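What follows is a set of notes on a single structure, which appears directly below.
Everything numeric here is computed off the predicted structure, so don't read it as measured data. Below, chains carry the letters A, B, ... as their sequence lines are ordered, and counting in each starts from 1.
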2 protein chains.
Amino acid sequence: MNEDSQKSANLQLPCRDSYHHGDLHNSLLEAADCLLEQTGAAKLSLREVAKHAGVSHTAPYRHFKNRAAMLEAIAIAGFGRLKLLMEQAEASAPNDSEAQLLAAGLAYLQLAVNNPEHTRLMFGGMMKDVPEDGHLYAAAEESYAAIYRIIDTGRARGVFGGSDTDTVVLTAWALVHGLTMLILGTQKVNPATPAELDELTLSVTEHLLQGIRAR
Amino acid sequence: MNEDSQKSANLQLPCRDSYHHGDLHNSLLEAADCLLEQTGAAKLSLREVAKHAGVSHTAPYRHFKNRAAMLEAIAIAGFGRLKLLMEQAEASAPNDSEAQLLAAGLAYLQLAVNNPEHTRLMFGGMMKDVPEDGHLYAAAEESYAAIYRIIDTGRARGVFGGSDTDTVVLTAWALVHGLTMLILGTQKVNPATPAELDELTLSVTEHLLQGIRAR
DNA sequence: ACCTGAACACCGTTCAAGT
DNA sequence: ACCTGAACACCGTTCAAGT
């Protein structure tokens, strides 16, 4: 009955029908996480999440203030995964700033393409009326931090140029994020295979690198 | 009673309580257009749109197959406005490709910031389960076409470089779109005034231009 | 402390019926 | 052809009540 060995797999969490309890909070999040990718955030209902977790439709209110708070928790977890990947990209080539930036971009795109609904939830602006605790805000900020370090270090090394680190970071982040959203959206861009996705990312990133390289 | 003089104003359509009929289709779209910016696409209900248009809650089904089809119509109208702005940017400096590209980026950002919920509807991926007519797809494509011409002409003139026009267009579009979505989202970027928005756009675009300029 | 069931106000959608 | 009203299955949320 030990299913925990599967739990750490990074991509694609399959749905289960039964949930070990005593930790309903996490059971609900697991059920929601999995239903989200099937239905999208707009159609993700608290009642169905509760049903998949095997409890009544009012039980979730013991653990989340309301539907928006539950979506926020899912989004925060998503930013946690993003942060992890960005830090892995940073660690993958400690002495090569360009390779770090490229790895970060590739990982960002891959995570988004593998979890499109999570990404839309995190960045689609559905979290507007979230309680202003700033938890979500802070989680997003931590993903940003790794990119900041990569570029700041690169500038200190004389690899990257630009007037200030903040603008360069914003440029890089916006480019990768925009490419991501275009691929996820109704837009034309439509890479069929993971290899094509990487190739596309490389081409686009190359223009960015030429733009921010120190000269 | 002539209110049509206000109708052509490009930004911020105020809500009315009464609607001239005989053209319920457009009355519904106007009501929806206006409610959208107040509530967001997720909470925009057909019933409330109908109420604002002064008809029963089933009347909209005479004009739209369902809720998704109505949202699609709104998104298509949004792409129409975007297309217009892109073409104006193209016409604003026929002999200066860089100025055209910059004007397009500024207009894109301004439209998005003035109509955030429209932008989220158009690009947020809420149109997934839309009928595959391709109407929405085609409308998006037309906005894209102006940018394509700007960059293709710029490359023919030797102003822009890059291996192929498609990749350069994708890079430029992704950068501006990403900056837009970051500004609209929960993210840190938060320009207070229109002037700050323009300044931010200029800084980011400058890096892009350095990256795609012919050398 | 944690969960349930009934209840309320709201949805989207369908359908028979009115003019 | 165009609109209405009742009806159905679904929501989110609240609250008294159970253990």
Side-chain angles (χ1 to χ4, degrees), chain A residues 17-36 38-75 117 121 124 126-131 133 136, chain B residues 15 17-75 117 121 124 126-131 133 136:
Chain A
D17 286 313
S18 76
Y19 285 83
H20 53 81
H21 270 197
D23 191 1
L24 181 54
H25 185 93
N26 273 326
S27 295
L28 288 169
L29 278 185
E30 280 178 38
D33 238 24
C34 144
L35 284 172
L36 173 60
Q38 296 183 355
T39 66
K43 299 193 169 178
L44 181 64
S45 85
L46 257 182
R47 287 170 106 108
E48 206 177 346
V49 170
K51 189 193 291 179
H52 267 74
V55 291
S56 82
H57 62 270
T58 57
Y61 286 89
R62 286 294 126 196
H63 300 274
F64 302 100
K65 201 188 109 209
N66 53 27
R67 182 178 182 273
M70 180 179 223
L71 291 180
E72 187 192 15
I74 301 173
E117 295 299 340
L121 174 63
M126 299 159 143
M127 312 303 318
K128 264 173 319 165
D129 42 359
V130 117
D133 307 345
L136 179 63
Chain B
C15 272
D17 287 312
S18 77
Y19 285 84
H20 53 83
H21 271 197
D23 190 2
L24 181 54
H25 184 94
N26 273 326
S27 296
L28 288 169
L29 277 184
E30 281 178 36
D33 238 25
C34 144
L35 285 172
L36 173 60
E37 283 302 331
Q38 296 182 354
T39 67
K43 299 193 171 179
L44 182 63
S45 87
L46 258 182
R47 288 170 105 109
E48 204 177 348
V49 170
K51 190 193 291 181
H52 267 75
V55 292
S56 82
H57 63 270
T58 57
Y61 285 89
R62 287 295 126 194
H63 300 273
F64 302 99
K65 198 188 112 210
N66 52 26
R67 183 178 182 272
M70 182 180 221
L71 291 179
E72 186 191 17
I74 302 173
E117 295 299 341
L121 174 64
M126 301 161 141
M127 312 302 318
K128 264 171 319 166
D129 42 359
V130 117
D133 306 344
L136 179 63

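- One can place NZ of Lys51(A) at 12 Å from P of dG12(D), the figure rounded to the nearest angstrom.
- Among the heavy atoms of the strands lying under 4.0 Å from Arg47(B) is at least one base atom, whether or not backbone atoms are also near.
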Can Leu121(B) and Leu44(B) be said to form a side chain to side chain contact (heavy atoms under 4.5 Å, CB included), step by step?
CA-CA 11 Å; Leu121(B) 174 64; Leu44(B) 182 63; over 6 Å; no
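- Protein atom CZ of Arg67(A) is 6 Å distant from nucleotide atom P of dG12(D), rounded to whole Å.
- As rounded to whole Å, 14 Å separates atom P of dC11(C) from atom CG of Leu71(B).
- Nucleotide dG12(C) has dC8(D) as its partner under the Watson-Crick or G-U criteria, with both atom distances under 3.5 Å.
- Arg62(B) comes within 4.0 angstrom of a base, heavy atoms only.
- Note: CG (Asn66(B)) to C1' (dC10(D)) measures 16 Å, nearest angstrom.
- Here Lys43(A) contributes atom NZ and Leu35(A) contributes atom CG; the two are 14.0 Å apart, rounded to the nearest 0.5 Å.
- Atom CD of Glu30(A) and atom NE2 of His52(A) lie 12.5 Å apart (nearest 0.5 Å).
- Protein atom CD of Glu48(B) is 6 Å distant from nucleotide atom P of dC11(C), rounded to whole Å.
- Protein atom CZ of Phe64(A) is 16 Å distant from nucleotide atom C1' of dT13(D), rounded to whole Å.
- Under the Watson-Crick and G-U wobble criteria, each requiring two contacts below 3.5 Å, nucleotide dA17(D) is left unpaired.
- A donor N or O paired with an acceptor N or O is found under 3.5 Å between the base of dG5(D) and the side-chain atoms of Thr58(B).
- Distance Met70(B) CE to dC11(C) C1': 15 Å, rounded to the nearest Å.
- Nucleotide dT14(C) holds its P atom 7 Å from the OH atom of Tyr61(B), rounded to whole Å.
- Counting only heavy atoms from C-beta outward, the side chains of Leu24(A) and Arg62(A) never approach each other to under 4.5 Å.
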For Phe64(B) and Leu46(B), what are the C-alpha separation, side-chain angles and deciding distance, and is it a side chain to side chain contact (heavy atoms under 4.5 Å, CB included)?
CA-CA 10 Å; Phe64(B) 302 99; Leu46(B) 258 182; 5.8 Å; no
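- The residue His63(B) sits close only to the backbone: its heavy atoms come under 4.0 Å of sugar-phosphate atoms, none of a base.
- Close to dG5(D), at under 4.0 Å from its OP1 or OP2, lies no side-chain N or O of Ser56(B).
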